[in-house]
2 protein chains.
Amino acid sequence: MSVPPEEAAKDVFEVVPIIMREIRSVMRSKRPPVLTVPQYRALSFVDRNAGASLLDVANHLGLTPPSTSKLVDGLIGHGLMTREEQPVDRRRLKLAVTDRGHKDMIAARQGTLAYLTDRLRNMDEGDREVIVRAMKALHLIFTGNPKIGERWG
Amino acid sequence: MSVPPEEAAKDVFEVVPIIMREIRSVMRSKRPPVLTVPQYRALSFVDRNAGASLLDVANHLGLTPPSTSKLVDGLIGHGLMTREEQPVDRRRLKLAVTDRGHKDMIAARQGTLAYLTDRLRNMDEGDREVIVRAMKALHLIFTGNPKIGERWG
DNA sequence: TTCTAACAATTAGCCCTTCTAACTAATTAT
DNA sequence: ATAATTAGTTAGAAGGGCTAATTGTTAGAA
């Protein structure tokens, strides 16, 4: 039985926003509230790419430079990231995550993964395998990058 | 080979935000900008459930009543929805989508689905089948509702 | 029956997200 | 040197989402 792209598109369009809402809600439900999703994503990227510039972050997040600038501003204001000037090219920033930023990022990740893991526990292992395969396929389609799951060792 | 829930959770956590960003970006890229994702979701729900109350919408979207009130306010301000008092219970609203709201909603859906369909076209049919199965499994897990894909006939 | 409890929706106030347009400052190229 | 490019910021707008407190409305109990 054939699966046309239209059908898959409908299902993706229906389900992805639902899961995203869950993720957002779990991330922001901590006491005290830790990180929003974009904040987490920015921290996570800079954590893995110390010394990244603002545009590096913007490109990775798919945001405009002004949006990213404001986002980074907030993170620095909360003491989670630092902004340094490079002597080489004084236009380019050198961003880095603070200890506290690293800690908060790990906490946000753990909390979210724990929640998702819990949700995915009550299903057939076969279904989980299907999900993993689907995620890999989608990752490839939407990023052009076949690598996945290497971020967190 | 066994797939532990932790692995599936990681993949979901990595891939879902990426796809969501794409969806958001496509929805907002129209000229003139049409709808945001929550606006689309609200319109779509009320379109299928004419006369719904504010709490009906809030529950379906997973938002608090104040957030939903503001959201609906915006839609009414743009002439996409109407708010009516019910004589039966004057506390309860009767929301409805205007012709223009319906049109804009269809346009947003078509645009997004066209984009997703295009992305999903360049992959094995087998991969698409895996994706469809994964979406159904995820939908069930996250909503408790096995029905999917009945929204758009 | 009147007083109270519950309910539907809104307002106010907070902070975050994201954009475009316009700007400053630094670097590279002509 | 001057012009073009690049990195990043500021300003201003519209929206998303929350909690706490408020206004009406309905239903229930004394």
Side-chain angles (χ1 to χ4, degrees), chain A residues 17 20-43 51-78 80-95 104 108, chain B residues 17 20-43 51-59 61-78 80-95 108:
Chain A
M20 195 62 210
R21 172 157 61 70
E22 296 289 317
I23 291 176
R24 232 192 317 267
S25 142
V26 171
M27 273 226 178
R28 302 176 77 151
S29 69
K30 299 297 165 208
R31 289 290 149 209
V34 206
L35 298 173
T36 64
V37 171
Q39 285 172 338
Y40 165 78
R41 282 169 65 73
L43 277 178
S53 75
L54 191 91
L55 288 191
D56 292 337
V57 179
N59 280 329
H60 179 257
L61 298 185
L63 297 179
T64 58
S67 302
T68 312
S69 183
K70 213 190 261 189
L71 174 59
V72 165
D73 247 17
L75 290 169
I76 290 170
H78 285 88
L80 308 180
M81 209 183 254
T82 58
R83 175 164 33 197
E84 234 180 278
E85 223 181 41
Q86 272 192 343
V88 199
D89 183 340
R90 294 221 315 266
R91 293 171 301 182
R92 213 178 213 93
L93 296 186
K94 220 172 75 172
L95 298 172
D104 281 11
Chain B
M20 194 61 208
R21 170 157 62 71
E22 296 290 316
I23 290 176
R24 232 193 317 267
S25 142
V26 172
M27 272 227 179
R28 301 176 78 150
S29 69
K30 299 297 165 206
R31 289 289 147 205
V34 206
L35 298 173
T36 64
V37 171
Q39 284 172 337
Y40 165 78
R41 283 169 64 74
L43 277 179
S53 75
L54 191 89
L55 287 190
D56 292 337
V57 179
N59 280 329
L61 298 185
L63 298 179
T64 59
S67 300
T68 312
S69 184
K70 212 195 261 188
L71 175 59
V72 166
D73 246 19
L75 290 170
I76 290 171
H78 286 86
L80 308 180
M81 209 182 257
T82 57
R83 176 162 33 197
E84 235 179 278
E85 225 180 41
Q86 272 191 344
V88 200
D89 184 340
R90 293 221 315 262
R91 292 172 299 184
R92 213 175 214 94
L93 295 186
K94 221 171 76 172
L95 298 171

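B:T68 comes within 4.0 angstrom of nothing in the nucleic acid, heavy atoms only. Using a 4.0 Å heavy-atom cutoff across all strands shown, B:R21 reaches no nucleic acid atom at all.
The line from CG of A:L55 to CZ of A:R91 is 10.0 Å long, rounded to the nearest 0.5 Å. Interatomic distance, CG of A:L93 versus OG1 of A:T68, reported as 11.0 Å (0.5 Å rounding). Put simply, CZ on B:R28 and OG1 on B:T36 are 6.0 Å apart, with the number rounded to the nearest 0.5 Å.
Within residues 84-95 of chain A, the residues approaching DNA chain D are A:R91, A:R92, A:L93, by heavy-atom distance under 4.0 Å.
Across all strands shown, the partner of D:dA30 is C:dT1, judged by Watson-Crick or G-U wobble contacts whose two distances both fall under 3.5 Å.
The backbone N or O of B:V26 lies less than 3.5 Å from a partner atom in the side chain of B:S29, making a donor-acceptor pair. Between the A:R21 side chain and the B:L61 main chain, a donor and an acceptor come within less than 3.5 Å of each other.
Atom pair A:M27:CE and D:dG16:C1' shows a separation of 17 Å (rounding to whole Å applied). In this structure, B:I76 atom CD1 and C:dT10 atom C1' are separated by 12 Å, rounded to whole Å. The separation between B:L54 atom CG and D:dG24 atom P is 18 Å, rounded to whole Å. For A:D73 and D:dG8, the CG to P distance is 13 Å, given to the nearest whole Å.
Proximity of B:S53 to the phosphate of C:dA9: a side-chain N or O atom is located under 4.0 Å from OP1 or OP2.
Side-chain contact between B:M20 and A:I23 is absent, with no heavy-atom pair separated by less than 4.5 Å. With contacts defined as side-chain heavy-atom distances shorter than 4.5 Å, the pair A:L80/A:L35 qualifies. Residues B:R83 and B:D73 have side chains in contact (heavy-atom distance under 4.5 Å, counting atoms from C-beta outward).
Contacts of A:D104 classified as side chain to side chain donor-acceptor pair (under 3.5 Å), with partners at least two apart in sequence or in another chain: none.
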For every nucleotide of nucleotides 13-18 of chain C, 5' to 3': is a protein heavy atom under 4.0 Å from its base (B), only from its sugar-phosphate (S), or from neither (-)? BB-SSB
